[in-house]
Structure formats: C-alpha cells, structure tokens
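Below is one structure, written out as structure tokens, with a few remarks after it.
In this text, all values refer to a predicted model and were calculated from it rather than measured experimentally. Residue numbers count from 1 along this sequence.
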Amino acid sequence: MTVSAKCYYALRALYALAEHADSTPLKASEIAERQHIPIKFLEAILSQLKGGGYVNSRRGVEGGYFLAKAPDRLKIGEVIRFIDGPIAPVDCVSVSRPKECEYPGHCPFFGFWGRVRQAISDVVDQTTFSDLMKENEGRRNVYVPDWMI
C-alpha cells in the first residue's frame, strides 16, 4: 500500500490543525509553511477536507481553518480512505472494493495479503491525531530530510 502525496499532505495539514486545535484558526499559508506543503496543492486539499467534514473555515482577518472534530476523535484511517480510497496492499483483499482474483481458489497469497491489509487497518484505525501528538511530544526540532519535504 502506498499513500499518495495528496493523502500525506492532507494528514500533515490535519496534524498542524490538531496541534493548533485550542487556538485561533490557522491560515492556509501558515499550514503550508509549517508542514512544507505547496500552497496551491494545500488549498485544493483543504477544500476537499472541508467537503468531507474534516475541517471548517472562518473568513476574515481572524479567519482560517480549524478541525471539525476533536483530535482524539479523528482517526488516521478515516482520512486515508477519504483521500486515497480502500486500504489494501492488493485489490483482491480490499474490503470495500474487492477485485476478483486472477487465480480464484489457487492463490497461495490470498490469506497473507488479507493479514497484511488487516494489520495496516488495525494501526491506522486505532490511531488518532491526538495519539500522534502525544507520540511526537518533544520532537519539534527534528531534522527533516529533503526527500520528505
């Protein structure tokens, strides 16, 4: 399973908003700067997240974006599925959009891929943005390699 750049940026934008949840709304330009996301791409992502009910926005001088849910109620898996679709290493084990197997009844890997899908789902579905913030406390000034930006 590969998470798209769009999904990765969406997760990072939501993380920035989760960190800022008790304050005033964040402007798109602030999110872009904090998370190293191209502003035009971010604006499209924020629009999609707003349409999905993950963020709200406020206009004006004091305006910007803020989470529509508390960080402890926003699961990583929910966002991944919203942006990228089903979580599955191969199509035939997708729960929401299974594709018929090319080797029905003969695939020695079907059970294996199903376990991989379940393991990934368990991790992303049990992790909230609040969990990520707790996990990252004290790691504010960590070097970020260029390939991650």
Inset, instruction - With sequence neighbours excluded, tell me which residues meet salt bridge (Lys or Arg N to Asp or Glu O under 4.0 Å) with Lys69. - result: Glu78

Legend entry - Approximate separation, where rounding is to 0.5 Å, of Tyr65 OH and Asn56 CG: 10.5 Å

Legend entry - Transitive ILVMFWY side-chain link Val3 to Val124, under 4.5 Å: yes

Inset, instruction - Determine the minimum heavy-atom distance between Arg117 and Pro89, stating which atoms define it. - result: CB-CD, 3.7 Å

Legend entry - Single-linkage hydrophobic cluster, 4.5 Å side-chain cutoff, Leu14 and Phe66 together: no

Inset, instruction - Can you label the angle between the Trp113 ring and the Phe109 ring as parallel, tilted or perpendicular, going by 30° and 60°? - result: tilted

Legend entry - Atom pair CD1 (Ile87) and CD1 (Ile80), whose distance is rounded to the nearest 0.5 Å: 5.0 Å

Legend entry - Pairs meeting criterion salt bridge (Lys or Arg N to Asp or Glu O under 4.0 Å) with involvement of residues 28-38, two or more places apart: none

Legend entry - side-chain contact (heavy atoms from CB on, under 4.5 Å), paired with Leu74, selected from Leu17, Leu132, Val79: Val79

Legend entry - Those residues that, when tested against Lys134, pass side chain to side chain donor-acceptor pair (under 3.5 Å) (two or more places apart): none

Inset, instruction - Kindly compute the distance separating SG (Cys7) from CD1 (Ile76), expressed to the nearest 0.5 Å. - result: 9.0 Å

Legend entry - For Ala32 against Ile39, the heavy-atom pair lying closest together: CB-CD1, 3.9 Å

Legend entry - Heavy-atom pair with the smallest gap, counting every atom of Gly53 and Ala68: O-CB, 3.2 Å

Legend entry - For Phe110, all residues meeting ring pair (Phe, Tyr, Trp, His ring centres under 6.0 Å), sequence neighbours excluded: none

Legend entry - Minimum side-chain heavy-atom gap Asn136-Tyr15 below 4.5 Å: yes

Legend entry - Which atom of Gly63 lies closest to which atom of Pro25, heavy atoms considered: C-CB, 3.9 Å

Inset, instruction - List the atom of Thr128, the atom of Pro71, and the distance in Å for their closest heavy-atom pair. - result: CB-O, 3.5 Å

Inset, instruction - Give, for atom CD of Glu19 and atom CG of Leu26, the distance between the pair rounded to the nearest 0.5 Å. - result: 9.5 Å

Inset, instruction - Measure from the side-chain N and O atoms of Lys27 to the backbone N and O of Val61, and report whether any donor-acceptor pair falls under 3.5 Å. - result: yes

Inset, instruction - Look up atom CD1 in Ile31 and atom OH in Tyr9, then write down how far apart they are to the nearest 0.5 Å. - result: 14.5 Å

Legend entry - Euclidean distance, Leu42 CG relative to Ile45 CD1, rounded to 0.5 Å: 6.0 Å

Inset, instruction - Answer with yes or no whether the side chains of Asp84 and Ser4 bring together a donor and an acceptor at under 3.5 Å. - result: yes

Inset, instruction - Enumerate the residue pairs fulfilling side-chain hydrogen bond (donor to acceptor under 3.5 Å, both in side chains) with a member in residues 42-51, sequence neighbours excluded, ordered by first and then second residue. - result: Lys6-Gln48, Lys50-Ser57

Inset, instruction - Keeping to residues at least two apart or across chains, list the salt bridge (Lys or Arg N to Asp or Glu O under 4.0 Å) pairs with something in residues 118-127. - result: Arg81-Asp125

Inset, instruction - Compare all side-chain heavy atoms of Ile83 with those of Leu49 and state whether any distance is below 4.5 angstrom. - result: yes

Inset, instruction - For the pair Tyr54 and Phe82, name the ring-plane relationship: parallel under 30°, tilted 30 to 60°, perpendicular over 60°. - result: tilted

